[in-house]
Amino acid sequence: MMFRSLRIFNYRTWFVGALISNVGAWMQATALSWITLTQLTDQDATAVGVTMALQFGPQLLLVPLSGLVADRFPKRNVLLVTQSTLGVLSLALGALAITGVLDLWMVWVFAALFGSTQAFDNPARQSFVSEIVGTEQISNAVALNSASFHGARLVGPAVAGLSIALIGAGPVFLLNALTFGA
């Protein structure tokens, strides 16, 4: 059965929460690039490139350390710390954007903090699935996680675009902060 691992309550809860949070993360990544391009610079593509590099670069650089942390510490605890940190960062970024005090250097600091935190979140999150479902359901759960992540990667930017058009980029960061509750 295609969705057999969703029969497990804990995995089903995890799956829905991860889907919501991943949509929020892609909304935020889109809004961060948008606010950099349109509000903080005069259509400066280089600044957008720096913003994206700071968001995604730390995940490449910190892999040896973040994998070690995921292996050595309880994954649930690592995830509680990383998800809480990401939520607080999103809340702070949203507050700065809405109040109009956000500057480009601040975006770059937040992007680096998001990227560094996600570097520790990703290996713990990916390996946590096996602890939830066990060996019998692991292949199905991994496939569903992959579908969820890629679905969020498709839906998140679209929702961000609509949200930015309707309420502005700042509130998108606050919406993302809410998704960490899931």
Side-chain angles (χ1 to χ4, degrees), residues 15-67 70 78-79 81-126 145-182:
F15 179 85
V16 171
L19 178 61
I20 292 167
S21 186
N22 283 331
V23 167
W26 285 106
M27 287 172 58
Q28 177 167 288
T30 303
L32 207 55
S33 293
W34 178 260
I35 207 168
T36 299
L37 184 68
T38 63
Q39 294 178 15
L40 300 176
T41 69
D42 188 25
Q43 309 291 315
D44 186 350
T46 301
V48 175
V50 170
T51 301
M52 293 187 77
L54 290 169
Q55 283 181 90
F56 301 109
Q59 296 176 51
L60 293 173
L61 299 173
L62 295 173
V63 165
L65 182 59
S66 62
V78 172
L79 291 169
V81 169
T82 58
Q83 292 290 297
S84 299
T85 301
L86 290 167
V88 169
L89 288 170
S90 296
L91 188 63
L93 180 60
L96 290 171
I98 288 173
T99 59
V101 298
L102 189 63
D103 201 6
L104 184 59
W105 71 268
M106 294 176 192
V107 166
W108 288 349
V109 168
F110 275 98
L113 291 171
F114 283 123
S116 298
T117 305
Q118 287 170 335
F120 289 90
D121 185 76
N122 288 341
R125 187 170 23 91
Q126 291 171 358
N145 274 359
S146 179
S148 167
F149 178 80
H150 292 294
R153 200 164 85 174
L154 177 70
V155 172
V159 173
L162 290 172
S163 300
I164 291 167
L166 294 173
I167 58 176
V172 171
F173 303 127
L174 298 178
L175 288 173
N176 182 46
L178 290 175
T179 69
F180 288 102

Atom pairs and distances, donor-acceptor, side-chain atoms in residues 148-162, under 3.5 Å, two or more places apart:
none

### Query
Under 4.5 Å between any side-chain heavy atoms of N122 and S66, yes or no?
no
#### Entry: Residue pairs, two or more places apart or on separate chains, that pass salt bridge (Lys or Arg N to Asp or Glu O under 4.0 Å) and touch residues 104-123
D121-R125
### Query
Could you give all pairs that pass the side chain to side chain donor-acceptor pair (under 3.5 Å) test and reach residues 155-169, with sequence neighbours left out?
none
### Task
List the atom of F114, the atom of L89, and the distance in Å for their closest heavy-atom pair.
CE2-CB, 3.4 Å
## Note on the structure
CG (L113) and CD (Q118) are apart, to the nearest 0.5 Å, by 11.0 Å
#### Entry: Shortest non-hydrogen contact from S116 toward P58
N-CB, 3.6 Å
### Message
Determine whether a donor-acceptor pair (N or O, by modelled atom type, separation under 3.5 Å) exists between the side chain of S33 and the backbone of T30.
### Response
no
Check residues 175-182 and write down every donor-acceptor pair under 3.5 Å in which the side-chain atom is one partner and the other belongs to a residue at least two apart or another chain.
residue: N176; atom: OD1; partner: A25; partner atom: N; Å: 3.2
residue: N176; atom: OD1; partner: T179; partner atom: OG1; Å: 3.2
residue: N176; atom: ND2; partner: Q28; partner atom: OE1; Å: 2.8
residue: N176; atom: ND2; partner: S90; partner atom: OG; Å: 2.9
residue: T179; atom: OG1; partner: N176; partner atom: O; Å: 2.6

Sequence neighbours excluded and cut-off under 3.5 Å, please list the side-chain donor-acceptor pairs for residues 34-41, or say none.
residue: W34; atom: NE1; partner: T38; partner atom: OG1; Å: 3.4
residue: T36; atom: OG1; partner: L32; partner atom: O; Å: 2.8
residue: T36; atom: OG1; partner: T51; partner atom: OG1; Å: 3.4
residue: T38; atom: OG1; partner: W34; partner atom: O; Å: 2.8
residue: T41; atom: OG1; partner: T36; partner atom: O; Å: 2.7
residue: T41; atom: OG1; partner: L37; partner atom: O; Å: 3.3
residue: T41; atom: OG1; partner: D44; partner atom: N; Å: 3.2

Please set out all donor-acceptor pairs under 3.5 angstrom arising from side-chain atoms of residues 91-106, sequence neighbours excluded.
residue: T99; atom: OG1; partner: A95; partner atom: O; Å: 2.9
residue: T99; atom: OG1; partner: L96; partner atom: O; Å: 3.2

### Query
So how far is it from N22 CG to N145 CG, rounded to the nearest 0.5 Å?
8.5 Å
### Task
Taking T82 for its side chain and V78 for its backbone only, find out whether a donor-acceptor pair lies under 3.5 Å.
yes
### Query
Which distance, rounded to the nearest 0.5 Å, do you find between the CG of L54 and the CH2 of W108?
7.5 Å
